[in-house]
Amino acid sequence: MPELPEVETVRRGLVDVMEGARIDHVVLSRPDLRFPLPERFAERLAGKRIEALGRRAKYLLADIEGGLVLAMHLGMSGSFRIESPQGAVVPGVFAHPRSAERLHDHVRFALTTRDGADASVVFNDPRRFGYMSLIEREGFDTHPHFSGLGIEPTGNALSGAALAPFFAGRTAPLKAVLLDQKVIAGLGNIYVCEALWRARLSPRRASGTIVRKDGTASQRLVRLAEDIRATIADAIAAGGSSLRDYRQADGSLGYFQHSFAVYGREDEPCKRDDCRGVVRRIVQSGRSTFFCPVCQR
DNA sequence: CAAGCGACCTGACGGC
DNA sequence: TGCCGTCAGGTCGCTT
């Protein structure tokens, strides 16, 4: 999926249309995505105003008038696009390659924006790993999807001290622990690889080895926390362009335009100055890891 | 409990 | 041209 930077980019693309808009009706193409859609999903949203569009980890969260939160997860292949009544894609937002434009449209929110214009926000998801749920705002934090979520990597909360308890004593490789949403919420396969390169740490290193014996963070863990934050901040600033099917405002299709240091660069030279290493690809818990075996230790 | 792995689903791409 | 294998941003749940 879209990892956190991509979800944040999607949020920014949707916020002007969705915030303050009224949901006139909701059209579903099927009763389920990855999970069944909530009971009476369309009925519970129709006529309600969207008070705010936020994000937590990789979830988009729409605060709905009356105390509900609409939580939306993009899975691996989910995307949104905005349509005007004429069916035109509003520039600057998120869109799929034209060939797939409508085939996997699953949810359509027909809106009246706060300016009184008609617009639709359409959720498209070929693989259907995405999902939506409706949660009472009261007690939101205890909901199974959210109660266990770890630290947001966008703010001051992510620090070596905060990470230390999750790393202490763990034999699992750094790659696995950083992918664990209960530890840091929002990292995915690409940005874990990138952050570990930035921190010069091997994805295979046992997580417990960057914690001191007394359980506090080592300097390496402190730096890792900083490097994760920098990696995510840079990716958000770049517009979360790790998506193959991200479309630029002018309609041109981007393809991994963010220049990754290691992800997808197997057999290519390490980008670190003065490093002669070559990027390697290995498989960890069934997923590709890219790293430089020379400068990442 | 931690850790590993298959499952879920569709599409794109490379090799033959 | 077509068929087959492999791979892809995630996460859930079962097995060791």
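Letters go in sequence order (proteins before strands), and every chain restarts at 1.
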Listing, residues 143-151 of chain A side-chain donor-acceptor contacts under 3.5 Å, not counting sequence neighbours, or none:
residue, atom, partner, partner atom, Å
A:His143, ND1, A:His145, N, 3.0
A:Ser147, OG, A:His143, O, 3.4

For this session: Could you walk me through whether A:Arg34 and A:Asp125 pass salt bridge (Lys or Arg N to Asp or Glu O under 4.0 Å), step by step?
Result: CA-CA 10 Å; A:Arg34 177 172 185 181; A:Asp125 186 6; over 6 Å; no

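- Between A:His104 and B:dT10, a side-chain N or O to OP1/OP2 separation shorter than 4.0 Å is absent.
- Residue A:Lys58 places at least one side-chain N or O closer than 4.0 Å to OP1 or OP2 of C:dT11.
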Exercise. Would A:Trp197 and A:Cys270 count as a side-chain contact (heavy atoms from CB on, under 4.5 Å) if you check the C-alpha gap in whole Å, the side-chain angles of each, and the deciding distance to 0.1 Å?
Worked result: CA-CA 9 Å; A:Trp197 177 83; A:Cys270 177; 3.4 Å; yes

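- For residues 267-297 of chain A, the pairs satisfying ring pair (Phe, Tyr, Trp, His ring centres under 6.0 Å) are A:Tyr263-A:Phe290, with sequence neighbours left out.
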Exercise. Where do A:Leu163 and A:Ile210 land on the side-chain contact (heavy atoms from CB on, under 4.5 Å) test, with the steps shown first?
Worked result: CA-CA 10 Å; A:Leu163 289 179; A:Ile210 54 173; over 6 Å; no

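- Atoms CG (A:Leu149) and P (C:dT11) sit 9 Å apart, rounded to a whole Å.
- Going from atom CD of A:Glu266 over to atom C1' of C:dT6 covers 13 Å, rounded to whole Å.
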Exercise. According to the Watson-Crick and G-U wobble definition with distances under 3.5 Å, which dot-bracket string, read 5' to 3', encodes DNA chain B, using [ ] for crossing pairs and | for pairs with another strand?
Worked result: .|||||||.|||||||

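- Per the stacking criterion (ring centres < 5.5 Å, plane angle < 30°), A:Phe129 does not stack onto the base of C:dT11.
- Counting to the nearest Å, the P atom of C:dA8 and the CZ atom of A:Phe260 are 13 Å from each other.
- With no hydrogens or angles considered, no side-chain donor-acceptor pair links A:Glu194 and A:Thr231 at under 3.5 Å.
- Checked against salt bridge (charged side-chain N to carboxylate O under 4.0 Å, His left out), A:Glu152 has the following partners two or more places apart in sequence or in another chain: A:Arg55, A:Arg56.
- Contact between the side-chain N/O atoms of A:Arg127 and the OP1/OP2 oxygens of C:dA8 is not found at any separation under 4.0 Å.
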Atom pairs under 3.5 Å, N or O on each side, protein against nucleotides 12-16 of chain C: can you list them with distances?
residue, atom, partner, partner atom, Å
C:dC12, OP1, A:Tyr131, OH, 3.3
C:dC12, O4', A:Arg34, NH2, 2.9

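- A perpendicular orientation is assigned to the rings of A:Tyr191 and A:Phe260, their planes being inclined by more than 60° (bins at 30° and 60°).
- Counting to the nearest Å, the P atom of C:dC7 and the CD1 atom of A:Ile190 are 17 Å from each other.
- Note: CG (A:Leu178) to C1' (C:dG10) measures 16 Å, nearest angstrom.
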Exercise. Would A:Val262 and A:Leu196 count as a side-chain contact (heavy atoms from CB on, under 4.5 Å) if you check the C-alpha gap in whole Å, the side-chain angles of each, and the deciding distance to 0.1 Å?
Worked result: CA-CA 10 Å; A:Val262 285; A:Leu196 285 169; over 6 Å; no

Can you name the atoms? Protein N/O to nucleotides 2-5 of chain B N/O, anything below 3.5 Å, with the distance.
residue, atom, partner, partner atom, Å
B:dA3, OP1, A:Thr171, N, 3.1
B:dA3, OP1, A:Thr171, OG1, 2.9
B:dA3, OP1, A:Ala172, N, 2.8
B:dA3, OP2, A:Arg170, NE, 2.6
B:dA3, OP2, A:Arg170, NH2, 2.9

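- Comparing the same atom, P, in C:dC14 and in B:dC9 gives a spacing of 16 Å after rounding to whole Å.
- Distance from the side chain of A:Pro126 is smallest to B:dG11 among C:dA8, B:dG11, C:dG10.
- Looking only at atom types and distance, the side chain of A:Asp24 has a donor-acceptor partner in the side chain of A:Thr112 under 3.5 Å away.
- The side chain of A:Gln181 approaches C:dT11 more closely than any other nucleotide in the set B:dG11, C:dT11, C:dA8.
- Between the side chains of A:Thr216 and A:Asp214, at least one donor N or O lies within less than 3.5 Å of an accepting N or O.
- Regarding contacts with the backbone of C:dG10, a side-chain N or O of A:Arg287 is found under 4.0 angstrom from either OP1 or OP2.
- Spacing of P atoms, C:dT6 relative to B:dG6, comes out at 13 Å, to the nearest Å.
- Relative orientation of the A:His73 and A:Tyr131 rings is parallel, given thresholds of 30° and 60° on the angle between their planes.
- A:Leu33 places its CG atom 15 Å from the C1' atom of C:dT11, with the value rounded to the nearest Å.
- For the pair A:Leu179 CG and C:dT11 P, the interatomic distance rounds to 9 Å; values are reported in whole Å.
- Rounded to an integer number of Å, the gap from A:Asp180 CG to B:dC1 P is 14 Å.
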